[in-house]
Amino acid sequence: MRRLALAPLLWLGAAHAGATIAPVEQAANDYREHCLSCHGANRFGAAGPALLPESLSRIKPDEIRRVIRDGRPASQMTGYAKVFTPAQIDGLADYLQQPPATPPTWSNDDIRGSHSMLVDVGKLPGTAQHGADPLNLFVVVEAGDHHISILDGDRFEVLARFASHFAVHGGPKFSPDGRFVYVASRDGWVSLYDLHNLKLIAEVRAGLNTRNLAVSKDGRWVLVGNYLPGNLVVLDARDLSLVKTIPATGLDGTASRVSAVYSAPPRDSFIVALKDVKEVWELSWAGTPDFVPRRIQAGDVLDDFSFSPDYKQLLATSRKAKGGQVIDLDSGKVVTDIPLPGMPHLGSGTYWKRNGEWVFATPNISKGLISVIDFKTWRLIKEIPTLGPGFFMRSHVNSRYAWSDVFFGPDNDAIHLIDKQTLEIAHTLRPMPGKTAAHIEFTRDGRYLLLSIWATDGALIVYDSNTLAEIKRIPMNKPSGKYNVGNKIEFVEGTSH
Ligand code: DHE
């Protein structure tokens, strides 16, 4: 719609300027001549990332223009300042933010066509070949140059590093024994990696724009949630071959995007939140699953979500309602709304026991405060003011503190340590002044933790979680999330699911 409205306006502008070709056509020609070989015929991506509105929505228009003009350091994207006039750069940036003339599709055949099996797993040793504790490895996402590093969590040394697809987002998920890790990129690619043999096994493109993935507790299925096309994709966890696609269509026929998918191990099911219809879906993996969703009516459209520790209830953010909503998964009823004033990145919150009761805590993305909520009464226990809005909060059963970042604003180099019992800020660290400090993950025993310095010349900093002494700095390129195999497969308290 937007494109149809814009095209005549651009054309009119060009006609007045006496141009012989409409700017939209000019941009399409420029794309074909200079961008297509890397970014694909339909802007679906190839060696370079997809350039569809869904893929670019998180980037400001000025930044898009800047990248076309100056390129991206440490990538194959060179600058086009000497090739394009400023008007051509503006035209191209506008063009890329409009939907393509033909609506993009990604069919089952496209998924199957993208699948590649790189190694025959059956021929690889079934035990860890690297000498490190397989349950204390960390999978580290280096967002700066789109790589993944595998780190020995005892010696804090990198065992392997490999290129990922563009913009890995969300937590990688593991097979129940911790041998395999599944990674999703925003561009829709899913990769399967063998941590015992440090080898990439298989890859498939499950969609054009993906939210995240989940793995069933029995290790048989991978469920991928997509924005584009709005659907769920079930893959065989052994080799990522396609099992089924399920359009994210509401009961009334409205097409939706998928907000997030998680596995709920005690329920033997995947839980799915939909972005454009007021429904939550539960898909059982028990027995011989048909993956037909059980539909639960939500009070609002839901974004990211988390669970109560027993997985009986779901706690979701709702951008429209500017707050949170609790849904009982057994009865399928909305329990209550909860005050989450700053739209938290909910899956990245954490929970612990305080005075014998479970509490949930999360920073807020648009307000400098941490919300602490009682899991039994759903009442707000406290709002802890922080130095700025944050993204991630993490703890461990053996840690006195929950660590919470200040992702946004002038104090983004600070990290708060919240005392889990008093709910006061016990310490504020500034690990590398002037550089964003964010996202924590503990070793399996909780004795140490890894913190990211979120910069291209960044690092992972290893702390002793009791003395808070710095143990080691490992240089890395914008390390974003890091995930401890043992903590993730045991779904331990304090870890994201
Ligand atoms: Fe995330 C997890 C949604 C922006 C880094 N983020 C998740 C998950 C969801 C989500 C649903 C849980 C997936 C999982 O673990 O399986 N993220 C969203 C958004 O809706 C939001 C606000 C906007 C968007 O367009 O996606 C958003 N996220 C970001 C970022 O800007 C971050 C900081 C940088 C980036 O990589 O894009 C970011 N998100 C992360 C990370 C996780 C994550 C590192 C995994 C956290 C964990 O420890 O498990």
Side-chain angles (χ1 to χ4, degrees), residues 171 173-174 176 212 214-219 221 223 259-273 279-287 289 293-299 302-318 323-340 344-362 370-382 393-399 402 420-421 423 442 444 446 483-484 486-497:
K173 301 289 151 56
F174 297 85
N212 74 326
V215 176
S216 60
K217 182 68 181 153
D218 62 7
W221 316 103
L223 186 71
S259 294
V261 302
Y262 291 101
S263 65
R267 308 180 66 80
D268 282 340
S269 64
F270 293 112
I271 305 291
V272 178
E279 289 178 30
V280 170
W281 289 2
E282 179 163 33
L283 289 84
S284 170
W285 65 63
R294 167 187 165 225
R295 293 167 192 262
I296 298 171
Q297 291 306 310
L302 302 177
D303 279 276
D304 194 10
F305 63 95
S306 196
F307 295 102
S308 54
D310 58 7
Y311 286 84
K312 286 187 184 298
Q313 282 148 340
L314 170 154
L315 165 61
T317 38
S318 159
Q325 184 163 117
V326 180
I327 294 174
D328 186 278
L329 289 169
D330 288 335
S331 68
K333 297 269 183 294
V334 176
V335 178
T336 184
D337 288 341
I338 39 173
L340 290 170
H345 193 245
L346 254 202
S348 309
T350 188
Y351 58 87
W352 64 82
K353 275 210 162 148
R354 177 172 178 261
N355 303 329
E357 303 291 348
W358 288 109
V359 300
F360 177 80
T362 179
I370 293 168
S371 306
V372 186
I373 290 176
D374 185 321
F375 259 129
K376 208 154 141 196
T377 62
W378 298 108
R379 281 218 303 271
L380 181 75
I381 301 174
K382 188 166 181 183
M393 192 161 180
R394 212 43 141 255
S395 190
H396 188 281
V397 68
N398 295 332
S399 165
K420 284 156 64 174
Q421 299 311 313
L423 304 183
F442 286 80
R444 193 176 174 215
Y483 309 88
N484 179 276
N487 290 344
K488 291 288 277 186
I489 63 173
E490 286 150 20
F491 290 78
V492 300
E493 172 187 324
T495 271
S496 68
H497 296 175

From [atom1] ([X]) to [atom2] ([Y]), nearest 0.5 Å:
X: F270; Y: L223; atom1: CZ; atom2: CG; result: 5.0 Å
X: M393; Y: H345; atom1: CE; atom2: NE2; result: 15.0 Å
X: D310; Y: R267; atom1: CG; atom2: CZ; result: 9.0 Å
X: I370; Y: T350; atom1: CD1; atom2: OG1; result: 11.0 Å

Would you call [X] and [Y] a side-chain contact if the rule is heavy atoms closer than 4.5 Å?
X: V326; Y: I338; answer: yes
X: T317; Y: P344; answer: yes
X: L315; Y: S308; answer: no
X: I489; Y: F174; answer: yes
X: V272; Y: E279; answer: no
X: Y262; Y: N212; answer: yes
X: T362; Y: I373; answer: no
X: L302; Y: I327; answer: yes

For a quick test of reading the model, state the closest non-hydrogen atom pair linking [X] to [Y] and the distance between them.
X: L340; Y: G324; answer: CD1-CA, 3.9 Å
X: K217; Y: W285; answer: N-CZ2, 3.3 Å
X: N484; Y: N487; answer: OD1-N, 3.0 Å
X: R294; Y: D330; answer: NH2-O, 3.2 Å
X: P176; Y: D218; answer: CG-C, 3.9 Å
X: S269; Y: E282; answer: OG-OE2, 2.5 Å

Taking the side chain from [X] and the backbone from [Y], do they hold a donor-acceptor pair closer than 3.5 Å?
X: S263; Y: S216; value: no
X: Q297; Y: V280; value: no
X: K382; Y: L423; value: yes
X: W358; Y: P309; value: no
X: Q325; Y: S318; value: no

Original post:
Salt bridge or not for R444 and E490, using N-O below 4.0 Å?
Top reply: yes
**OP:** Determine the interplanar angle of the Y351 and F375 rings, folded into 0 to 90°, and report it as parallel if under 30°, tilted if 30 to 60°, perpendicular if over 60°.
**Re:** perpendicular
**OP:** Please test V492 against V397 for side chain to side chain contact (heavy atoms under 4.5 Å, CB included), starting from the C-alpha separation and ending with a verdict.
**Re:** CA-CA 8 Å; V492 300; V397 68; over 6 Å; no
Subject >> Non-neighbouring partners of R354 that pass salt bridge (Lys or Arg N to Asp or Glu O under 4.0 Å), sequence neighbours left out >> reply: none
Subject >> Partners passing salt bridge (Lys or Arg N to Asp or Glu O under 4.0 Å) against K333 (at least two apart in sequence or in another chain) >> reply: none
**OP:** Can you sort out the partners of F307 under ring-ring contact (aromatic ring centres under 6.0 Å, His included), two or more places apart, ordered by chain and number?
**Re:** F305, Y311
